[in-house]
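This report refers to the structure that appears directly beneath it.
All ligand and atom numbering here is 1-based and tracks the order in the structure. Note that this is a predicted model, so its numbers are computed, not measured.
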Amino acid sequence: METDKKYILVTGGAGYIGSHTVVALIEKGFTPVIIDDFRNSNKDVIQRLQTITKQEIIYFNIACQDQPRLRGVLEQFPAFGVIHFAADKAVGESVEKPLKYFDNNFGSLISILELIQEYNIEKFVFSSSCTVYGDPEIIPVNEESPVSYNSPYGYTKKVCEEMIEQFIPSCPSVKATLLRYFNPVGAHESGLIGEEPDGKPNNLLPFITQTAAGIRKELTVFGDDYDTPDGTCIRDYIHVVDLAEAHVAALESLDDSKDNPVVYNVGTGKGTSVLEMISTFENITGKQLPYTIGPRREGDIKEIFANTDKVNQKLNWKSKKTIEDAIATAWSFEQYIREKRSKK
Ligand code: UFG
């Protein structure tokens, strides 16, 4: 058993947000222990994390529901905290395969909470999403805004939050934080880790970078007839490196409020439209992006962005990076991935 280090179990640590959080944890003196079954991530992210951090990365190819093997990991690395990223996250797929989402997202959470109780783990950070606000009537949304869902994926996030709320009274020694992410974008400045969608991207910025790289013929803007200044939808795009740091802030928080779990919006507080994203991409890269205006995408909401007062004040966390930073790093990462694939 090794005890001189502050181990943090990071489920889904090879994924998009997880991998950036691993870097942020190491920068702050924690020792992340990655649990990932690589169903939705790339094994060589581990090697790239080693290049970025110049450290040996501890990782295990284990699914979150495999408790016997997870116990083995926790015996070897007594963790002070768990950050639980591992989940399925594609809204469209969740409509087609809701049971897959229920099995993985609920099953993994239950397994992890049982282990938290068994091993007296002190801190728990859960990846939630602004999807729990559904289609909000009042914007910006704060943590008290009404919650709902409009996909099986969104349903899993809402119910997982409620499961944690109902679990805590039976295990009050753990301090739980629910982070409601807005739209994560961008990549690490090294250009070595970023968002690597398998096949056709669902999300806007990877679709933009793949189109600019010539992999996709053109981007379809899903609707320009919304009641917004330029007619396209508005989102709160948060740089993934800033988002990663919010997880470290949650672990380090000395917030002794009675709220357990405590909920935070993690966004920038600023809304950006789809057309603004496109024009910023064009300005930064000097590339013209081929796009057409298509019909609205089912399930899309017109507009959402965060009220971030609570996270700014209580976690002393604020987003620092800009949309421009996010686009520039996402573009570097796209080129890195293309080069790597062309060598294979
Ligand atoms: N968009 C396009 N064309 C595309 C892709 C996206 O116009 O090819 C538009 C969408 O219509 C939307 C905006 O770009 O207006 C952002 O779309 P994303 O798919 O990138 O993100 P969403 O806001 O739809 O979804 C994100 C997360 C989900 C989460 C949801 C909560 O990806 O996990 O926010 O609102 F559930």
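Taking 4.0 Å as the cut-off between side-chain N and carboxylate O, R48 and D44 count as a salt-bridged pair. Salt bridge status for E161 with K157: absent, with no side-chain N to carboxylate O gap under 4.0 Å. Remark: K100 does not engage D103 in a salt bridge, criterion side-chain N to carboxylate O under 4.0 Å. Ion pairing between a basic and an acidic side chain is recognised when a charged N comes within 4.0 Å of a carboxylate O; K320 and E245 show such pairing. Residues D88 and K97 are not paired through a salt bridge, judged by the lack of any N-O separation under 4.0 Å between the basic side chain and the carboxylate.
Residues F85 and H247 bring their aromatic ring centres within 6.0 Å. Note: Y264 and W317 fail the aromatic proximity criterion, with ring centroids not under 6.0 Å apart.
Protein heavy atom nearest atom 12 (C) of ligand 1, with residue, atom name and distance: R235 NH2, 3.8 Å. Scanning the protein heavy atoms around atom 36 (F) of ligand 1, the nearest turns out to be Y153 CE2, 3.1 Å. Scanning the protein for heavy atoms near atom 24 (O) of ligand 1, the closest one is R297 NH2, 2.9 Å. The closest protein non-hydrogen atom to atom 11 (O) of ligand 1 is D300 OD2, 2.5 Å. For atom 26 (C) of ligand 1, the closest heavy atom belonging to the protein is N183 ND2, 3.6 Å. If you check which protein heavy atom lies closest to atom 29 (C) of ligand 1, you get S129 OG, 3.8 Å. Annotation: atom 13 (C) of ligand 1 to nearest protein heavy atom, Y237 OH, 3.6 Å. Protein heavy atom at the shortest distance from atom 27 (C) of ligand 1 is N203 ND2, 4.1 Å.
Ligand 1 has no N or O atom lying under 3.5 Å from any N or O atom of V91, backbone or side chain. Checked against a 3.5 angstrom limit, the closest N/O atoms of F222 and ligand 1 fall inside it.
In this structure, K158 forms no cation-pi arrangement with Y149, as its terminal cationic atom is not both closer than 6.0 Å to the ring centre and no more than 45° off the ring axis. Cation-pi geometry between K6 and F80 is satisfied (NZ or CZ under 6.0 Å from the ring centre, within 45° of the ring normal).
Counting atoms of ligand 1 from 1 in the listed order, those under 4.0 Å from a heavy atom of C233 are 15 (O). Interface of V221 with ligand 1, defined as ligand atoms under 4.0 Å from a residue heavy atom, comprises 7 (O). Within ligand 1, the atoms closer than 4.0 Å to a non-hydrogen atom of T131 are 31 (C), 36 (F), numbered from 1 in the order shown. Close approach of ligand 1 to C130 is summarised as follows: ligand atoms under 4.0 Å from at least one heavy atom of the residue are 31 (C), 35 (O).
Under 4.0 angstrom from ligand 1, the non-hydrogen atoms of T220 all belong to its backbone. Under 4.0 angstrom from ligand 1, the non-hydrogen atoms of L219 all belong to its side chain.
A heavy-atom separation below 4.0 Å is not found between G154 and ligand 1. Put simply, no part of Y133 is less than 4.0 Å from ligand 1, judged by heavy atoms.
Residues V23 and S190 have side chains not in contact (no heavy-atom distance under 4.5 Å, counting atoms from C-beta outward). Between S127 and Y181, the closest side-chain pair of non-hydrogen atoms falls below 4.5 Å.
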